[in-house]
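Just so it is clear: chains get the letters A, B, ... in the order the sequence lines come, proteins before strands, and each one is counted from 1.
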There are 4 protein chains.
Amino acid sequence: MALNRSGPTKDRIRRAAVKLFADKGFHGTGIRDLAQEARLSSASLYHYVGNKEDLLAGIMRDALGALLTAAHEVVDGVADPVERLGRLVALHVITHAVQREETTVVDNEVRSLSAETRQPVVKLRDTYERLWTEAIRDGLRAGVFHTDRPSVTRLALLEMCNGVARWYSPGGALDLEQLAGHYARLALRAAGCTDPGAVPDLARCRAVVNTVWATAETGR
Amino acid sequence: MALNRSGPTKDRIRRAAVKLFADKGFHGTGIRDLAQEARLSSASLYHYVGNKEDLLAGIMRDALGALLTAAHEVVDGVADPVERLGRLVALHVITHAVQREETTVVDNEVRSLSAETRQPVVKLRDTYERLWTEAIRDGLRAGVFHTDRPSVTRLALLEMCNGVARWYSPGGALDLEQLAGHYARLALRAAGCTDPGAVPDLARCRAVVNTVWATAETGR
Amino acid sequence: MALNRSGPTKDRIRRAAVKLFADKGFHGTGIRDLAQEARLSSASLYHYVGNKEDLLAGIMRDALGALLTAAHEVVDGVADPVERLGRLVALHVITHAVQREETTVVDNEVRSLSAETRQPVVKLRDTYERLWTEAIRDGLRAGVFHTDRPSVTRLALLEMCNGVARWYSPGGALDLEQLAGHYARLALRAAGCTDPGAVPDLARCRAVVNTVWATAETGR
Amino acid sequence: MALNRSGPTKDRIRRAAVKLFADKGFHGTGIRDLAQEARLSSASLYHYVGNKEDLLAGIMRDALGALLTAAHEVVDGVADPVERLGRLVALHVITHAVQREETTVVDNEVRSLSAETRQPVVKLRDTYERLWTEAIRDGLRAGVFHTDRPSVTRLALLEMCNGVARWYSPGGALDLEQLAGHYARLALRAAGCTDPGAVPDLARCRAVVNTVWATAETGR
DNA sequence: AATGAATGAGAATTCATTCAT
DNA sequence: GATGAATGAATTCTCATTCAT
């Protein structure tokens with residue numbers, strides 16, 4: 001039963017690509033680099049993958065899909081906008097810390113996709129960001145946030161959280177939930193939250209990240 | 001006085017490189033792309049530039065140099081930590097809005113430098129970030145900021161401001177000083193500033209950005 | 001009787017190769033193209049065939065063998081050189097019309113064979129062409145043909161008839177025997193035949209083509 | 001003055017391509033083969049040529065253009081259909097003998113062109129063949145040719161003449177004008193020409209071929 | 001009988017760079 | 001000051017083929 005063999009190899013390639021695209025960029029990574037990292041000949045790589053761009057597109061789609069799924073799991077049905085934005089921030093931060101390489105690729109390599117491949121990726125991203133937009137909008141309506149230019153605020157908060165992937169390394173002094181809590185506080189304060197005392201359900205966010213990504217990395 | 005003739009051409013090359021490195025990345029930009037954008041042959045390029053990496057290193061050094069100079073001009077001698085951090089934020093944001101391409105290169109392409117070339121760049125960056133560190137530290141000591149993990153906060157704020165280069169486009173609804181003011185408010189609130197009512201001297205920041213970059217783009 | 005099971009598959013491969021070699025050329029056809037056309041994996045192909053060149057050599061040997069056999073059946077014992085040349089032309093034309101792909105491969109891909117493989121193929125072709133040479137020679141001796149440079153004439157007539165495979169498509173306005181008759185007339189006139197009134201036995205030629213190729217496509 | 005340098009090199013490449021495409025086919029010829037034959041590195045080849053297909057398309061366009069030009073020069077204003085067809089045959093044969101490689105490429109490699117590139121080539125060829133169609137039609141109307149299915153006859157004669165490139169080698173026993181005269185006789189007889197006694201103006205045909213191709217091989 | 005996995009060799013093409021003029 | 005010519009090394013990707021199962 002060689003059936004489940006293709007899984008591991010394809011995953012090895014995927015992991016190699018994620019790592020190298022994150023560290024050296026799409027254009028900075030050669031097919032030979034990928035093959036070496038995945039312990040295959042470069043010809044064998046093409047047994048599993050159509051081409052370099054397919055690999056990138058697959059990574060981005062899956063990563064954004066996972067993020068979107070996780071966001072819905074964490075936010076759907078939550079009425080309080082403060083809790084909602086707090087959870088989105090925490091989820092985003094935890095994801096960027098735990099899946100540093102995937103999120104780095106997603107955040108940096110959209111431009112490396114061809115127009116046709118880029119489109120669905122951008123659409124996914126837009127769908128995800130809409131959750132942020134709605135949380136902020138509802139908070140403003142409810143009078144718990146205070147900011148003019150809410151869309152600028154949204155962009156600022158998103159970029160702030162994206163940044164985590166650029167410096168966080170696990171095993172530092174800060175554990176994940178502390179990190180997420182810190183960012184949630186920063187974000188809510190920045191949003192003009194009157195009483196950011198309550199902290200979002202960090203454990204929930206972390207658990208969701210774990211299960212969603214466990215699925216993402218198996219279900220291929 | 002044919003001496004300063006090389007100036008204009010070299011500037012054209014520099015501008016071409018800044019544009020393309022920002023838009024397509026260092027590895028995504030070919031020498032021929034650069035030559036075409038600068039309207040000369042790729043062979044002629046080598047009259048003005050040692051090689052591709054020199055070009056990148058030059059851009060980064062000058063851009064970071066300008067940022068550091070501007071920061072000192074804006075911050076030195078300012079006692080109030082709130083005003084200091086506010087100005088740093090405003091300056092950083094204005095720079096990322098006005099010099100979008102330069103800052104994009106600085107923020108994304110450090111990894112494309114060789115180890116030796118990278119070192120002085122990183123050092124410059126560290127020197128610059130120390131100004132942020134100090135402002136935050138002083139604000140905490142003075143009791144006007146409230147944040148545990150001040151270095152995490154610093155990183156979060158810096159990344160938030162870096163993000164401006166990823167989405168701002170001049171000619172939008174938001175003018176520069178509004179933008180800078182908005183970000184200053186977000187940042188100070190996030191830092192736990194008790195009374196962020198006072199806004200930093202935005203006009204000063206903007207003026208400094210203008211003069212520093214006018215110099216930077218001529219003095220080559 | 002599982003013995004003749006390999007027949008069908010091998011035939012499918014053969015047919016695939018004939019089609020693709022004819023349409024895209026030997027070098028323009030990949031092993032994977034062949035496998036796809038034959039509806040099996042490229043690895044399975046190698047169960048039935050030594051390698052790409054074997055496939056080509058087999059096609060050529062069989063096709064030339066069939067042509068030679070048919071020619072003998074049609075010509076042996078026929079004394080009249082006009083009838084003989086007429087039949088050779090008709091047979092050649094019918095074969096090129098009915099077995100367009102096989103003859104295209106034979107006519108175009110000799111150069112793609114390696115030296116050793118090429119030799120027997122060329123020998124077969126020479127043997128076949130000798131029948132034409134003899135018919136023309138006998139017609140000249142008998143005073144029914146008139147042409148100096150008979151070998152140039154032979155080459156001209158052969159190429160004229162080869163051409164049929166380049167444009168004839170079944171189902172056109174012209175049926176096979178009309179086509180063959182037309183070419184026989186052209187050829188005999190060109191050979192300076194004084195009275196080309198009598199037409200060769202086209203039905204015989206056609207029947208022989210049919211039986212010979214029925215055998216050729218089964219007896220593998 | 002390095003200006004006229006690019007001429008010779010580009011011509012060397014063209015000649016190499018013509019030779020190799022003729023002898024080994026488009027798909028049988030590698031870029032490295034071409035470079036070696038043209039005494040360049042394969043990278044240098046791309047200094048002069050866009051890609052392999054451009055090279056092929058250029059050869060085909062120029063060769064067909066030359067053939068068409070020559071045909072017009074030889075046939076325009078000639079009223080007698082016998083002389084006209086005779087000249088077309090002679091011209092075609094001489095061209096296939098003298099420019100064996102070019103015509104071989106034209107006759108065999110149309111299929112190797114991509115759809116867009118193929119179109120203009122096919123159009124040129126059609127324009128050229130129309131001259132044959134008209135000569136035959138006029139001869140039939142004038143009652144000097146006798147053939148039903150004139151378009152089949154046209155195809156047969158064209159292929160007969162194409163064949164020359166497959167076997168003729170200069171320096172054989174047969175000189176060019178003898179060859180052309182022989183083919184003209186064969187063709188006119190095949191066309192049912194009642195009195196093929198008169199031979200077309202072979203010297204004229206030959207001269208036109210020479211001048212047209214001298215231009216073709218310089219005017220690049 | 002059949003195939004997924006694997007690969008070394010080679011395909012076409014692009015790269016950054018040098019140099020003679 | 002400027003560039004056409006040139007190239008070795010590298011690029012992405014395909015090739016025909018083998019082999020374990």
Side-chain angles (χ1 to χ4, degrees), chain A residues 1-6 8-10 27-35 38-55, chain B residues 2 5-6 8-10 26-35 38-55, chain C residues 2 5-6 8-10 26-35 38-55, chain D residues 1-6 8-10 27-35 38-55:
Chain A
M1 255 205 277
L3 266 177
N4 61 344
R5 274 285 169 68
S6 95
T9 304
K10 218 171 171 181
H27 290 302
T29 302
I31 282 285
R32 302 151 106 108
D33 299 326
L34 289 168
R39 300 193 315 277
L40 264 81
S41 72
S42 55
S44 300
L45 230 162
Y46 285 91
H47 193 62
Y48 296 92
V49 172
N51 56 38
K52 220 177 118 181
E53 194 184 345
D54 283 358
L55 208 38
Chain B
R5 271 285 170 69
S6 90
T9 305
K10 212 170 175 184
F26 179 73
H27 290 301
T29 301
I31 281 281
R32 285 164 143 93
D33 298 327
L34 290 168
R39 299 193 317 278
L40 33 63
S41 72
S42 55
S44 301
L45 236 164
Y46 284 89
H47 252 276
Y48 297 94
V49 171
N51 59 33
K52 219 177 119 181
E53 195 184 346
D54 286 356
L55 208 38
Chain C
R5 272 285 172 68
S6 90
T9 305
K10 212 170 175 183
F26 180 74
H27 290 302
T29 302
I31 280 282
R32 285 163 142 96
D33 298 327
L34 290 168
R39 303 193 314 278
L40 31 64
S41 73
S42 55
S44 301
L45 236 165
Y46 285 90
H47 252 274
Y48 297 94
V49 171
N51 58 33
K52 218 177 122 183
E53 195 184 345
D54 286 356
L55 207 39
Chain D
M1 254 202 276
L3 267 177
N4 62 342
R5 272 287 168 67
S6 94
T9 304
K10 218 173 173 182
H27 289 303
T29 302
I31 281 285
R32 301 151 106 107
D33 299 327
L34 288 169
R39 302 193 315 277
L40 265 82
S41 75
S42 55
S44 300
L45 231 163
Y46 285 90
H47 193 63
Y48 296 94
V49 171
N51 58 34
K52 220 178 117 182
E53 194 184 345
D54 284 357
L55 209 37

- [ ] Can you sort out the partners of Ser44(A) under side chain to side chain donor-acceptor pair (under 3.5 Å), two or more places apart, ordered by chain and number?
- [x] Ser41(A)

Task: Under 4.0 Å protein heavy-atom contact, by nucleotide of nucleotides 11-17 of chain E - B base, S sugar-phosphate only - done: BSBB-BB

- [ ] Kindly express the pairing pattern of DNA chain E in dot-bracket notation, using | wherever a base pairs with another strand and counting only Watson-Crick or G-U pairs under 3.5 Å.
- [x] .||||||||||||||||||||

Open item on the list: On a heavy-atom basis, which atom in Tyr46(D) and which in Ile31(D) lie closest, and how many Å separate them?
Closed with: OH-CD1, 3.4 Å

Task: Distance below 4.0 Å between Ser44(C) side-chain N/O and dA2(E) OP1 or OP2 - done: no

Task: Heavy-atom pair of closest approach, residues Leu45(B) and Leu34(B) - done: CD1-CB, 3.9 Å

Task: Separation of Leu55(B) CG from Tyr48(B) OH (nearest 0.5 Å) - done: 13.5 Å

- [ ] State the NE2-CZ distance between His27(D) and Phe26(C), to the nearest 0.5 angstrom.
- [x] 13.0 Å

Open item on the list: I want to check one thing: is the phosphate of dG1(F), taken as OP1 and OP2, less than 4.0 Å away from some side-chain N or O of His47(B)?
Closed with: no

Task: Minimal non-hydrogen separation, Val49(B) against Asn51(B), with atom names - done: CG1-O, 3.2 Å

Open item on the list: Per the salt bridge (Lys or Arg N to Asp or Glu O under 4.0 Å) rule, what does the pair list look like for residues 26-35 of chain C, sequence neighbours excluded?
Closed with: Lys24(C)-Asp33(C)

Open item on the list: On DNA chain F, compare the nucleotides closest to Leu40(B) and Arg39(D); which residue's is nearer the 5' end?
Closed with: Leu40(B)

Task: Reported CG-to-NE2 distance for the pair Leu40(C) and His47(C), which is rounded to 0.5 angstrom - done: 10.5 Å

